[in-house]
Each structure stands twice: as C-alpha cells, then as structure tokens.
Amino acid sequence: MRQILQVFCSTFSGIALALAIPNEILAFGSPFIAMFALTPLYIALIQSKSSKEAFWLCALQGAVTHLLSSFWLGNFYGFAVFTLGASDIGTGILEGMMSLFFYFPLLFKKSQDDLEELAGAKPFSVSFRTVWFAGTYTVWEWVKSTGFLAYPWGTLSMTSYKWPLITQIADITGVYGITFLFAFFAALFGEGIMLMGNIARAGNGQAVLKNYRQPLICCSVLFALTIAYGIVQYTKKRPQAKTLHAVLVQQNKDPWIKGVSADDVITISQRLSEEKVKQFRTEHKKCDLVVWSEAMLTQLFPMAKDFYEYFPEEEPFFSFVRRMRTPFIVGAPVVMDAKKHHNGNSALFIDRNGNIVGSYQKMHLVPFAELIPGNQYEFVQKLLKKLVGFTYGWTPGARAVLYEIPLSAEMKDKGDWEIVPENKGLSSQKPPLNTVLISTPICFDDSAAEVCRAMHAAGSEIFMNITNDSWSKTRSAEIQHFVVSSFRAIEYRTTLARCANSGFTCVVAPNGSIIESLPLFEECSLAAEIPIYKRTMTTYAHFGNWLPKLLIMLIILFIFLTIEKKIDEKKRITEENSMDGVDIDETSE
C-alpha cells in the first residue's frame with residue numbers, strides 16, 4: 001500500500017507540474033499550481049526506504065512531466081521516435097540519477113533520528129531537508145538545460161510568467177533563482193503536511209513548531225525581497241536610445257512540410273512584407289529591416305543565390321528585396337562543408353541591394369532532431385533514412401554573429417555607449433549612433449544560456465529571434481517557447497523581438513512584458529517600432545549561471561564532509577571496540 005501511494009504522489013507531482021507549465025488548458029500556465037507541484041514528490045522522497053525507490057520515483061515524475069508538457073514533440077516532421085520517445089526516456093533516467101543526490105542525506109538516517117526530531121532535539125533538520133531539496137532540484141533543472149542534451153522545457157521557471165514581480169530576479173540569478181524559491185516553498189508545504197500528522201505524537205510540540213517556523217520565516221523573507229526587487233525593476237523607466245523600424249512576417253506556412261508550395265510561401269511573405277513597408281511609408285517613416293522566420297528559403301546557399309534570382313516566377317526573391325530597398329534577415333540553409341555534408345541552419349543578412357553580406361549558423365541544435373548522435377556513420381544514416389526518410393542533420397555553428405543595421409529614426413539619447421567584443425572584455429569603442437547591432441538566435445538558440453550570453457558579450461543591442469514552430473500544431477508549444485525566450489530580455493535587460501512563422505511573433509521589453517504581438521496561427525505581419533535601450537551589464541550577464549554552480553559546490557562539499565565524518569566515526573568505533581577487547585583479556589588473566 002505504501003508503494004502504491006508513493007507512485008501516486010510521484011505521478012500526481014508530474015501531472016501538477018505539467019498543468020502549471022503553459023498548456024492547452026491554461027495558456028500561460030499557473031505559477032500558483034507550480035508552488036505546490038513538487039510537494040507530493042517531496043513527501044514521497046522523504047518517505048522512501050532506499051535509493052532504488054527514490055530513483056524510480058524521480059524517474060517517473062520527470063517522465064510524466066515531460067510527456068504531458070512536451071507531447072507536441074511527437075509532431076516534429078515524423079521524428080517522434082527521437083524527439084518524444086528518446087527525450088522522455090532520457091529525461092526520466094536523468095532525473096532518476098539526480099535522485100542519488102536527493103536521497104543522500106537519508107542514507108545515514110537512523111531510526112532514533114525521528115524520535116529526537118519529535119522531541120525537538122534536532123532544531124535544523126527541517127531547514128536542512130527543505131533547503132537541500134530546493135538546491136538539488138535547482139541543480140537538476142540546470143543539468144537538464146545544459147550541454148548537448150539541453151532541453152530547458154518542463155521547468156519550474158516556465159510556470160512563473162504570469163507573476164512578473166517574481167521573474168525580475170532573473171537578471172541576478174537567471175531562471176534558477178525562481179526554481180529555488182518555488183521548490184523551497186513546495187518542500188516547506190510538504191513538511192507542514194507531515195507535521196500535522198506528527199505533532200500529536202511529538203514529545204515537545206512547541207519545539208517542533210519552532211523548528212518549522214525557522215525555514216518558513218526564511219522562505220517568506222526570500223519571497224518578500226524578491227517581490228520588492230521585482231516592483232523596482234518592473235516599474236523602472238529605462239532610457240530608450242534608438243528605434244528600429246522593422247517588419248516581422250508571420251506567413252503561417254512551413255515550407256518544409258510536404259504539400260506546401262515553396263513559391264506560395266515566398267509570395268505570401270512578399271505580400272505581407274510589402275503591406276507593412278508601405279504602411280511605414282504612409283506614416284512618413286522608413287523601414288529599416290524586414291525579417292522572415294527560420295528556414296524560409298529551402299535551397300542550399302551560397303549555390304541557391306542564382307536560383308532565387310529567378311524564383312518564384314511571379315517575382316523572384318532577390319528582385320523583391322531590391323525593389324523594397326530594405327535589408328532582410330531570412331532563415332535559410334547554408335553549406336558549411338560540402339564534402340562532409342555539413343549544413344547549417346542559418347540566418348542570412350541581405351542588404352538593400354540584394355547582396356548576401358553575412359550569415360549566422362544556429363549554434364544550439366535540438367538534440368535527437370536537428371543533431372542526431374552518430375549521424376556521421378553510414379549505419380546511422382541508413383537507420384535514419386529508414387525511420388524518418390532523412391539522412392543528415394544540421395551542423396552547429398561555432399561563433400556569434402552581429403548584423404549592423406542603419407537606422408532611419410533619430411537617436412533618443414546620445415549618452416555614452418560601449419561595445420563589448422567577444423572574448424575581449426569591456427571596450428570603450430563607441431558604436432555608430434545611427435545603427436543598431438542585431439544578433440539572431442535561431443529558434444532553440446534563444447533558450448541556450450551560452451549562445452545568448454556570447455551574443456550579448458559581443459555587443460548585441462537586441463535579440464532578433466527567428467523561429468519555425470508551426471510543426472508543433474499546438475498553441476501550448478508556441479507559448480512555451482515564447483515564455484522560455486522571454487527570460488533572455490530580463491536577464492540582459494535588452495529588447496527581444498521574435499519572428500515566428502506561426503507565432504508567437506512579438507516584441508518584448510527588458511522587463512519581460514509584451515510591447516507588440518501577433519495572434520497565433522494567423523497569416524499576418526507586424527510593422528514594429530522596436531525600442532532599443534542603453535546596454536547594461538547585469539549580474540547575470542557578468543557571472544552567468546552562478547547560482548546552480550554554487551549549489552553544486554555546496555552539495556559536493558557536504559557530501560565530502562559527510563563521508564569523511566562517517567569514515568572517522570567508523571574508525572573511532574573500531575578503535576574503541578579494539579580497546580574494549582584488550583581490557584577484557586587483561587581482566588580474565
């Protein structure tokens with residue numbers, strides 16, 4: 001019966017977390033539900049009897065959360081066996097492995113410890129358990145969001161969008177400060193539930209309640225400080241220095257889907273673009289940039305340059321660019337190494353004369369979808385061809401790229417500015433006052449800390465994300481991606497613009513709020529006057545994900561000291577037993 005309840009708690013925790021994350025029922029999720037979502041898992045772990053049991057409880061919770069919140073991965077161009085199947089199994093196994101850290105303090109728990117705690121003799125036990133759980137869960141979310149297998153979806157921080165006064169701490173701690181706060185509260189609530197069952201048999205009820213109040217006060221203070229900081233940052237007036245007049249095109253078609261005509265996609269995008277360029281002109285403004293979404297052009301560049309001089313037949317793409325007399329940023333594939341079949345998912349920068357003047361290759365590829373492990377081997381290629389009809393994945397780019405766009409609007413603030421070149425620290429170089437430096441994280445890139453941090457360090461004044469999420473066929477997928485990316489605006493206190501082929505196309509302010517947006521899954525475009533703010537170097541921009549790394553160091557230190565203490569205790573007991581044996585022999589003689 002106990003094990004059935006354990007499984008129920010773990011499953012219920014996964015369901016609750018999935019419901020708190022943006023979904024088909026609650027469009028932007030529910031931070032309120034998220035506050036309690038981990039409570040059942042916490043109770044199940046505290047009551048588990050072995051590390052093996054803890055492993056399966058965590059694995060089950062992680063797999064359920066992933067399956068229910070990211071079910072739309074099964075729509076990825078027939079790659080469901082990889083994107084949903086492999087990722088769900090992998091997520092469960094990884095969280096199961098993290099259970100070793102969750103369970104570690106319980107390895108040395110003695111039967112008398114519970115009695116001493118009920119007698120009020122262990123004043124810091126509740127504080128330690130709750131902080132340990134919150135810290136370990138924060139490390140878990142960092143682990144699942146970092147490296148080759150990084151997938152920062154299905155996280156506690158994703159649930160917090162509707163509470164902007166909480167999300168503002170991201171410019172200090174990144175998203176992991178939010179995770180820690182929510183996990184800390186969930187653990188404390190779980191302790192409160194267990195306390196109600198134990199208080200009647202407590203030897204010293206007042207002492208037990210006092211021991212519970214300590215972490216409760218600490219959690220309350222952390223939330224109060226977070227909200228106070230959030231009020232200041234969310235309402236803060238930031239100096240706008242420049243304005244970028246940009247057209248963001250949402251054509252609501254995916255040219256990579258079978259049956260979709262590539263010329264129709266381009267023709268529709270041209271019409272939507274021209275409508276908004278003309279709108280700027282009727283308002284006596286000049287359009288500075290037109291942006292099309294990820295993978296809009298399907299032919300490989302640079303060879304495809306000649307192809308798009310004649311395609312589509314109604315008006316070739318490059319002829320249209322020249323007629324608009326406006327720079328374009330367009331998603332397209334680019335050959336990086338023809339012999340090795342290395343192609344990059346890229347953002348092309350095309351000047352007003354129709355010349356390709358630069359390209360950026362997506363650096364953070366989606367694991368098991370865009371980046372297939374072992375796809376350089378022939379047998380893997382044959383397997384991919386058989387399963388999904390596709391042989392080669394994308395090859396990741398190696399560097400951040402900035403595009404310098406001339407601006408038509410006058411500067412609003414001619415104060416001091418500085419560019420931070422990549423890997424060279426701060427610079428006193430002044431950027432031109434009549435241009436803006438744009439970085440173009442592609443789709444999944446905007447969830448990767450290492451990518452956006454490199455772009456910001458290189459001098460980016462705005463993140464211009466281009467995305468193709470229409471394959472998901474769900475509103476929840478579009479909004480989840482937006483929520484994840486919106487934290488980049490807060491972390492670096494910079495403007496984020498998103499151009500997606502089906503949504504969520506929008507402009508986001510440095511406090512995470514939406515300035516302008518387009519409806520999901522509709523054919524439309526946006527003539528956006530995008531504010532560009534004076535660059536700042538936030539705590540997060542300086543130090544990155546320092547919080548989970550600090551927690552890892554503290555966890556390792558505790559484990560090391562605990563093991564060392566247990567070894568010393570074992571040696572002491574062995575020596576005492578040895579001495580006792582000598583005394584007995586001498587007495588008998």
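We're numbering straight along the sequence, starting at 1. The shown structure was predicted, so the numbers you read here are calculated from the model rather than taken from an experiment.
- Side chains of S502 and S470: no donor on one and acceptor on the other come within 3.5 Å.
- Taking the centre of each ring, Y492 and F463 come in below the 6.0 Å mark.
- Electrostatic pairing of R475 and E24 does not count as a salt bridge here, judged by no charged N lying under 4.0 Å from a carboxylate O.
- A salt bridge between D171 and R493 is present, with a side-chain N of the basic residue lying under 4.0 Å from a carboxylate O of the acidic one.
- Between the CD atom in E523 and the CD1 atom in I268 there is a gap of 4.5 Å [rounded to 0.5 Å].
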Worksheet item: Given the rule in the ring pair (Phe, Tyr, Trp, His ring centres under 6.0 Å) test, do F101 and W132 qualify, once you have shown the distances and angles that lead to the verdict?
Response: CA-CA 9 Å; F101 297 96; W132 178 269; 8.0 Å; no
Discussion item. With ring pair (Phe, Tyr, Trp, His ring centres under 6.0 Å) as the criterion, how do F328 and F349 come out once you've worked through the C-alpha distance, each side chain's angles and the decisive distance to 0.1 Å?
Written reply: CA-CA 6 Å; F328 273 62; F349 180 30; over 10 Å; no
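- For the residue pair D446 and H364, no side-chain donor N or O sits within less than 3.5 Å of a side-chain acceptor on the partner.
- Salt bridge annotation for R488-E491: present, with a cationic side-chain nitrogen under 4.0 angstrom from a carboxylate oxygen.
- Between A183 and A134, the shortest heavy-atom distance links the atoms CB-CA, 3.8 Å.
- Contact check for I514 versus F504: side-chain heavy atoms found under the 4.5 Å cut-off.
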Discussion item. Side chain to side chain contact (heavy atoms under 4.5 Å, CB included), that's the test. Do V507 and T495 meet it? Break it down for me.
Written reply: CA-CA 7 Å; V507 179; T495 307; 4.0 Å; yes
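- A donor-acceptor pair under 3.5 Å is absent between the side-chain atoms of T65 and the main chain of G62, judged by distance alone.
- I442 places none of its side-chain heavy atoms less than 4.5 Å from the side chain of N465.
- The environment of CE in M303 is crowded: more than 12 heavy-atom neighbours from other residues, nucleotides or ligands sit within 6.0 Å.
- Here the closest heavy-atom approach between residue A34 and residue A20 is recorded as N-CB, 3.6 Å.
- When side chains are defined from C-beta on, Q299 does not count as touching P333, because their heavy atoms never get closer than 4.5 Å.
- Nearest heavy-atom pair, L272 versus C524, reported as atom, atom and distance to 0.1 Å: CD1-O, 3.7 Å.
- Side-chain contact, Y360 with D445: a donor N or O sits under 3.5 Å from an acceptor N or O.
- Side-chain atoms of D469 and T467 include no donor-acceptor pair closer than 3.5 Å.
- Here the side chain of S10 pairs no donor or acceptor atom with the backbone of Q6 at under 3.5 angstrom.
- Not counting sequence neighbours, the partners of F133 by the ring pair (Phe, Tyr, Trp, His ring centres under 6.0 Å) test are Y42, F102.
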Worksheet item: After noting the C-alpha distance and the side-chain angles of L402 and I438, does the key distance pass the side chain to side chain contact (heavy atoms under 4.5 Å, CB included) rule?
Response: CA-CA 5 Å; L402 300 183; I438 295 178; over 6 Å; no
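- Judged by distance alone, with hydrogens and angles left aside, the side-chain atoms of S13 form no donor-acceptor pair with the main-chain N or O of C9 at under 3.5 Å.
- Counting heavy atoms of neighbouring residues, nucleotides and ligands inside a 6.0 Å radius, atom CH2 of W163 exceeds 12 of them.
- Other residues, nucleotides and ligands contribute over 12 non-hydrogen atoms within 6.0 Å of the CG atom of L557.
- Side-chain atoms of N252 and N501 form no donor-acceptor pair, as typed in the model, at a separation below 3.5 Å.
- Atom OG of S513 and atom OH of Y161 lie 7.0 Å apart (nearest 0.5 Å).
- Counting only distance, with no hydrogens or angles, the side chain of T91 and the backbone of A63 share no donor-acceptor pair below 3.5 Å.
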Worksheet item: What's the verdict on ring pair (Phe, Tyr, Trp, His ring centres under 6.0 Å) for Y137 and Y176, showing C-alpha distance, side-chain angles and the deciding distance?
Response: CA-CA 10 Å; Y137 197 87; Y176 301 105; over 10 Å; no
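- No more than 12 heavy-atom neighbours from other residues, nucleotides or ligands sit within 6.0 angstrom of CZ on F32.
- The side-chain heavy atoms of I178 and I169, taken from C-beta on, include a pair separated by under 4.5 Å.
- In this structure, the side chains of I33 and T159 stay at 4.5 Å or more apart for every pair of heavy atoms.
- Proximity of a side-chain donor or acceptor of S359 to a complementary backbone N or O of A347 within less than 3.5 Å is not detected.
- Residue L73 holds its CG atom at 9.5 Å from CG of D88, rounded to the nearest 0.5 Å.
- One finds the CD atom of Q361 at 5.0 Å from the CE atom of M336 (value rounded to the nearest 0.5 Å).
- When only modelled atom types and interatomic distance are considered, Q250 and S293 share no side-chain donor-acceptor pair under 3.5 Å.
- Atoms CD1 and CG, on I479 and N23 in that order, are 9.5 Å from each other to the nearest 0.5 Å.
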Worksheet item: Passes side chain to side chain contact (heavy atoms under 4.5 Å, CB included), F487 versus S160? Steps please.
Response: CA-CA 10 Å; F487 283 105; S160 63; 3.6 Å; yes
Practice prompt. Step by step, work out the side chain to side chain contact (heavy atoms under 4.5 Å, CB included) result for L181 and F223.
Written response: CA-CA 7 Å; L181 283 174; F223 267 96; 3.9 Å; yes
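- Rounding to the nearest 0.5 Å places CG of L526 at 13.0 Å from CZ of R498.
- Closest non-hydrogen pair, M35 versus F185, comes out as O-CD2, 3.2 Å.
- Within the 4.5 Å cutoff, the side chain of L38 has heavy atoms near those of the L156 side chain.
- Side-chain atoms of N545 and T173, non-hydrogen and from C-beta on, never get closer than 4.5 Å to each other.
- Taking the ring centroids of F55 and Y103, they lie at or beyond the 6.0 Å cut-off.
- Between P164 and T167, the closest heavy-atom pair is O-OG1, 3.0 Å.
- A distance-only check finds no donor-acceptor pair linking the side chain of T179 to the backbone of T138 [under 3.5 Å].
- Across all non-hydrogen atoms, the minimal contact from I21 to G154 is CD1-CA, 3.3 Å.
- Counting only N and O atoms by type, the side chains of Q168 and N511 include no donor and acceptor under 3.5 Å apart.
- Applying the 6.0 Å contact sphere to CZ of F12 captures no more than 12 heavy atoms from other residues, nucleotides or ligands.
- A salt bridge links R2 with E53: the distance from a Lys NZ or Arg NE/NH1/NH2 to an Asp or Glu carboxylate oxygen falls below 4.0 Å.
- Looking only at side-chain heavy atoms (C-beta outward), C443 and K362 come within less than 4.5 Å of each other.
- Counting only residues at least two apart or on different chains, no salt bridge (charged side-chain N to carboxylate O under 4.0 Å, His left out) pair has a member in residues 500-513.
- Checked against the 6.0 Å centroid threshold, F444 and W153 count as a close aromatic pair.
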Fill in: Worked verdict on Y151 versus H66 for ring pair (Phe, Tyr, Trp, His ring centres under 6.0 Å)
CA-CA 10 Å; Y151 185 69; H66 182 80; 5.3 Å; yes
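- Atom NZ of K253 sits in a sparse spot, with 12 or fewer heavy atoms from other residues, nucleotides or ligands closer than 6.0 Å.
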